[in-house]
Protein chains: 2
Amino acid sequence: MTHDEAHYRVLRMLQDNPDISQRELADALGVSVGKAHYLLRGLIERGFVKAGNFRRSNHKLGYLYKLTPSGIREKLNVTRRYLARREAEYKSIRAEIESLRAEMEAAARSGGDS
Amino acid sequence: MTHDEAHYRVLRMLQDNPDISQRELADALGVSVGKAHYLLRGLIERGFVKAGNFRRSNHKLGYLYKLTPSGIREKLNVTRRYLARREAEYKSIRAEIESLRAEMEAAARSGGDS
DNA sequence: AGCCCTGCGTTCACATTTTGAACGCAGGGA
DNA sequence: TCCCTGCGTTCAAAATGTGAACGCAGGGCT
């Protein structure tokens with residue numbers, strides 16, 4: 001996972017539901033708790049996310065990871081960059097798929113029995 | 001880089017030009033010499049690639065990494081798997097791009113000034 | 001012959017990255 | 001009161017990746 005991708009995914013996740021545990025976040029991102037914590041820490045230290053407490057609906061204590069205004073801006077920037085990257089990947093993957101198909105076909109024609 | 005992807009790329013590389021140094025291979029794959037060596041070793045030990053010596057056109061000593069028959073079969077299998085994976089990625093990336101675009105648009109409409 | 005230069009495969013100690021078990025803490029229920 | 005749960009946090013260990021350094025062998029030079 002890229003730096004931008006990780007940040008995008010975290011920011012997106014938090015924006016959609018600020019009440020989320022680091023473990024849930026880790027799960028959603030498919031990374032370890034340690035790493036999720038590390039990512040979150042980075043965003044907090046850079047002022048993009050503010051952590052606070054709140055009471056969950058049923059009186060359970062929980063944390064809140066809320067995007068700050070600069071966090072919202074950052075998320076936009078990160079999304080823009082990530083989108084551009086994905087678009088580039090999309091184009092290149094299409095080319096590769098065509099090339100792979102041609103290659104398979106050629107192989108089938110030459111050594112066609114298995 | 002995936003396991004399959006790495007193997008596909010190595011086998012493809014060797015099939016196209018069996019005369020190639022591990023450093024060139026490393027360069028082509030964008031990995032370190034150590035890793036290229038490790039990958040190559042794996043393929044050789046599993047009998048997919050046979051290493052031999054040969055004389056380069058201008059009397060320089062070189063190595064030859066030639067795909068064995070089973071190596072050719074393996075390459076076909078690996079290519080098939082890799083292609084399937086890429087096709088899946090292609091579909092999912094398209095969906096993600098659409099979602100990203102929608103997200104950017106929505107953000108532009110709501111907090112439209114920067 | 002001797003010598004050096006180059007490029008080869010190979011090694012391996014190191015750096016980087018990732019993991020997840022373990023800890024302390026705090027609220028809620030029995 | 002005492003546990004149980006789930007939280008953030010830590011950090012030693014595992015996994016992965018790196019590239020400088022080594023020995024070796026052929027080719028070109030004097």
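Quantities reported herein were computed from a predicted structural model and do not represent experimental measurements. Note on naming: letters A, B, ... go to the chains in the order of the sequence lines (proteins, then strands), and numbering restarts at 1 for each one.
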Tell me, please, which residues at least two apart from Glu105(B) pass side chain to side chain donor-acceptor pair (under 3.5 Å). Arg109(B)
Per the salt bridge (Lys or Arg N to Asp or Glu O under 4.0 Å) rule, what does the pair list look like for residues 42-51 of chain B, sequence neighbours excluded? Arg46(B)-Glu74(B)
List in numerical order all residues of residues 4-13 of chain A for which some heavy atom is under 4.0 Å away from an atom belonging to DNA chain D. none
Side chains of residues 3-12 of chain A: which donor-acceptor pairs under 3.5 Å do they make with residues two or more places apart or in other chains?
residue, atom, partner, partner atom, Å
Asp4(A), OD1, Arg81(A), NE, 3.4
Asp4(A), OD1, Arg81(A), NH2, 3.2
Asp4(A), OD2, Arg81(A), NE, 2.9
Tyr8(A), OH, Arg12(A), NH1, 3.0
Tyr8(A), OH, Glu103(B), OE1, 2.7
Arg12(A), NE, Asp16(A), OD2, 3.0
Arg12(A), NH1, Glu103(B), OE1, 3.2

For residues 25-42 of chain A, run the donor-acceptor check on the side chains, cut-off 3.5 Å, and write out each pair with its distance to 0.1 Å, sequence neighbours left out.
residue, atom, partner, partner atom, Å
Ser32(A), OG, Lys35(A), N, 3.2
His37(A), ND1, Gln22(A), OE1, 2.9
His37(A), ND1, Gln22(A), NE2, 3.4

Provide, to the nearest angstrom, the distance between the CG atom belonging to Leu25(A) and the C1' atom belonging to dC7(D). 14 Å
Contact letters for nucleotides 18-25 of chain C, in which S counts primed atoms plus P, OP1 and OP2 and B counts the base, heavy atoms under 4.0 Å: SBB-B---
Distance check: side-chain N/O of His37(A) vs OP1/OP2 of dT9(D), anything under 4.0 Å? yes
Set of residues satisfying salt bridge (charged side-chain N to carboxylate O under 4.0 Å, His left out) with respect to Arg85(A), sequence neighbours excluded: Glu89(A)
Contacts of Ser99(A) that satisfy side chain to side chain donor-acceptor pair (under 3.5 Å) - sequence neighbours left out: none
Between Tyr82(B) and Ile72(B), is there a shared hydrophobic cluster once you connect ILVMFWY residues whose side-chain heavy atoms come closer than 4.5 Å? no
Send over the distance from His3(A) NE2 to dT17(C) C1', rounded to a whole Å. 14 Å
Just how far, in rounded Å, is C1' of dG6(D) from CG of Asp27(A)? 14 Å
Phosphate contact (dC7(D) OP1 or OP2) by Gln22(A) side-chain N/O below 4.0 Å: no
Residues passing the salt bridge (charged side-chain N to carboxylate O under 4.0 Å, His left out) test with Arg94(B), sequence neighbours excluded, are none
What integer distance in Å separates Leu40(B):CG from dG9(C):P? 8 Å
Mind checking whether Tyr63(A) and Ser21(A) have side chains closer than 4.5 Å, heavy atoms only? no
Atom CG of Leu64(A) and atom P of dC7(D) are separated, to the nearest Å, by 14 Å
Dot-bracket for DNA chain C, please, read 5' to 3', with Watson-Crick or G-U wobble pairs under 3.5 Å on both distances, ( ) within the strand, [ ] crossing, | other strand, . unpaired. ||||||||||||||||||||||||||||||
Would you mind reading off the distance between Leu39(B) atom CG and dG9(C) atom P, rounded to a whole angstrom? 14 Å
To the nearest angstrom, how far is Glu24(B) atom CD from dC8(C) atom C1'? 11 Å
Identify, with sequence neighbours excluded, every residue that meets side chain to side chain donor-acceptor pair (under 3.5 Å) alongside Arg101(A). Glu87(B)
With sequence neighbours excluded, what pairs up with Asn77(B) under the side chain to side chain donor-acceptor pair (under 3.5 Å) test? Arg80(B)
OP1, OP2 of dG8(D) versus side-chain N and O of Tyr65(A): anything below 4.0 Å? yes
